[in-house]
Amino acid sequence: MDQQIAENLAAVRRRIADAARVVGREPAEVRLLLAVKTQPVAAIRAALDAGADLLGHNRAQELLATGPALAEAGVPAHEMHFIGHLQSNKVGQVLRWATCVQTVDTLRLAERLDAAVARRRAAGGDGAAAPGGPDHYGAAAPEGPRAPGGTAPLDVMVQVNTSGETTKAGVEPARATELATAVAALPHLRLRGFMTIGANSPDGDVVRASYEALAAVRDRVLATGAPGTGTARELSMGMSGDLELAVAAGATMVRVGTAVFGARPPA
Ligand SMILES: *Cc1c(COP(=O)(O)O)cnc(C)c1O
């Protein structure tokens, strides 16, 4: 199994690199986030041992369940992003294990995250940095990446519904600038960019249009020059089936699950 995961990971990296070169981009401009939902810790560890350094969970329960094992000594340092719908009653728990929340789609959620980071900071009293640092965890962060006392802001992205599909989360593109500038102004959050789930369509042009829409949102927000928006450069978009289209549209981070871990059992 470990060997297969390592081979699949290499194959996905080749796909990303090829897709970048085709459009004249540097492969290094595109990071690979492994979507690890439903994967046992052993499979996640195999991916980390094979060089993965950025993981994403979309279910809070799984994030909490795997957090302690992935913080153990000997686990390669990595970032853990939250990429699923975040219920407000799960904010505190998710914060403990996630280094970035990619799925902020309301100001209300952003304010809850901001308040939770502020509380955590206050709980630390002396304001010492979290063990293991705010951006990675693994060996040195037994309390999770955001132990009480951590002073770093929480990285977030604004999720945009670029396909118009009613089943998808995300702020609509026409309201994205307003939301992003409000999120960027919150003191305990750092807006890193934008995330979308591409259109669910067999038509590559439709999928590509959804990714180009996210790039347009990002460019509009950067153009405002509003406080805190200067760091909002990431475009998290593209999955196993369509990452080439996302890279062509400017993705800086693709989120891949099945192409590395194989098909998931039906939910
Ligand atoms: C599962 C998941 C992915 C990866 O999807 P695959 O088709 O398995 O590559 C990407 N983004 C999100 C939000 C996911 O939940």
Side-chain angles (χ1 to χ4, degrees), residues 1-21 25-84 94 96-103 132-142 144-146 155-157 192-193 195 197-198 234-244 246-247 251-265:
M1 175 191 81
D2 293 12
Q3 182 64 27
Q4 191 62 56
I5 287 173
E7 280 172 23
N8 293 347
L9 192 59
V12 168
R13 290 200 190 286
R14 279 195 299 276
R15 280 178 63 190
I16 293 170
D18 289 347
R21 287 195 196 94
R25 301 183 62 202
E26 287 294 327
E29 292 172 24
V30 187
R31 293 187 72 194
L32 171 60
L33 177 150
L34 293 188
V36 297
K37 58 175 164 276
T38 76
Q39 296 305 322
V41 167
I44 300 172
R45 282 238 24 192
L48 291 171
D49 289 337
D53 61 1
L54 175 57
L55 308 179
H57 262 301
N58 65 318
R59 295 182 189 129
Q61 279 123 297
E62 287 188 54
L63 175 71
L64 303 184
T66 58
L70 294 178
E72 275 172 17
V75 177
H78 58 279
E79 291 176 56
M80 175 64 80
H81 289 197
F82 191 73
I83 59 173
V94 162
R96 176 158 175 190
W97 296 109
T99 54
C100 174
V101 174
Q102 294 198 1
T103 46
D135 295 329
H136 292 85
Y137 69 101
R146 278 188 184 275
D155 284 346
V156 296
M157 297 189 197
R192 299 305 308 271
M195 178 270 205
I197 296 173
E234 302 276 355
L235 294 175
S236 170
M237 56 190 195
M239 310 201 284
S240 293
D242 63 11
L243 68 86
E244 285 83 1
V247 170
T252 64
M253 189 180 285
V254 295
R255 307 181 308 270
V256 171
T258 48
V260 169
F261 294 112
R264 289 178 289 273

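Since we're looking at a predicted model, the values are computed, not measured.
- Within the 3.5 Å criterion, the main-chain N or O of E26 finds a donor-acceptor partner in the side chain of E29.
- W97 and A71 make their closest contact through CZ3-CB, 4.0 Å (heavy atoms, listed as atom of the first residue, atom of the second, distance).
- Considering NZ of K37 and CZ of R264, their distance stands at 4.0 Å, rounded to 0.5 Å.
- The distance from atom CD1 of I44 to atom OG1 of T66, rounded to the nearest 0.5 Å, is 5.0 Å.
- With rounding to the nearest 0.5 Å, the separation of CG in L33 from NE2 in H57 is 10.5 Å.
- The two residues A246 and G238 have their closest heavy-atom pair at CB-CA, 3.4 Å.
- Taking all atoms of both residues into account, the shortest heavy-atom contact from T38 to E62 is N-OE1, 2.7 Å.
- Residues N8 and F261 form no side-chain contact, since every pair of their non-hydrogen atoms from C-beta on lies 4.5 Å or further apart.
- Here the straight-line distance linking atom OG1 of T252 with atom CE of M237 works out to 8.0 Å at 0.5 Å rounding.
- Between atom CG of residue L54 and atom OG1 of residue T99 there is a gap of 7.5 Å, rounded to the nearest 0.5 Å.
- The nearest pair of heavy atoms linking H78 to L70 is CE1-O, 3.4 Å.
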* Please assess R192 against M253 for the test side-chain contact (heavy atoms from CB on, under 4.5 Å), listing each intermediate value before the final yes or no. => CA-CA 12 Å; R192 299 305 308 271; M253 189 180 285; over 6 Å; no
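- Within the 3.5 Å criterion, the main-chain N or O of S236 finds a donor-acceptor partner in the side chain of R255.
- At a threshold of 4.5 Å between non-hydrogen side-chain atoms, the residues L32 and V12 count as touching.
- For the atom pair CD1 of I16 and CZ of R25, the computed distance is 10.5 Å after rounding to the nearest 0.5 Å.
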* Going through the checks in order, is the salt bridge (charged side-chain N to carboxylate O under 4.0 Å, His left out) test met by E79 and R31? -> CA-CA 12 Å; E79 291 176 56; R31 293 187 72 194; 3.0 Å; yes
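- Across all non-hydrogen atoms, the minimal contact from A259 to R15 is CB-NH1, 4.2 Å.
- Under the rule for a side chain to side chain donor-acceptor pair (under 3.5 Å), T103 has no partner lying at least two apart in sequence or in another chain.
- When every heavy atom of R13 is checked against every heavy atom of G51, the shortest pair comes out as NH2-O, 3.5 Å.
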* **Residue pair L48, L55: steps toward the side-chain contact (heavy atoms from CB on, under 4.5 Å) verdict** => CA-CA 9 Å; L48 291 171; L55 308 179; 4.1 Å; yes
* To do: May I have the step-by-step check of side-chain contact (heavy atoms from CB on, under 4.5 Å) for M239 and I197, ending in yes or no?
  => CA-CA 8 Å; M239 310 201 284; I197 296 173; 4.2 Å; yes
* To do: Dump the intermediate steps for side-chain contact (heavy atoms from CB on, under 4.5 Å) on L34 and L9, then the final yes or no.
  => CA-CA 9 Å; L34 293 188; L9 192 59; 4.0 Å; yes
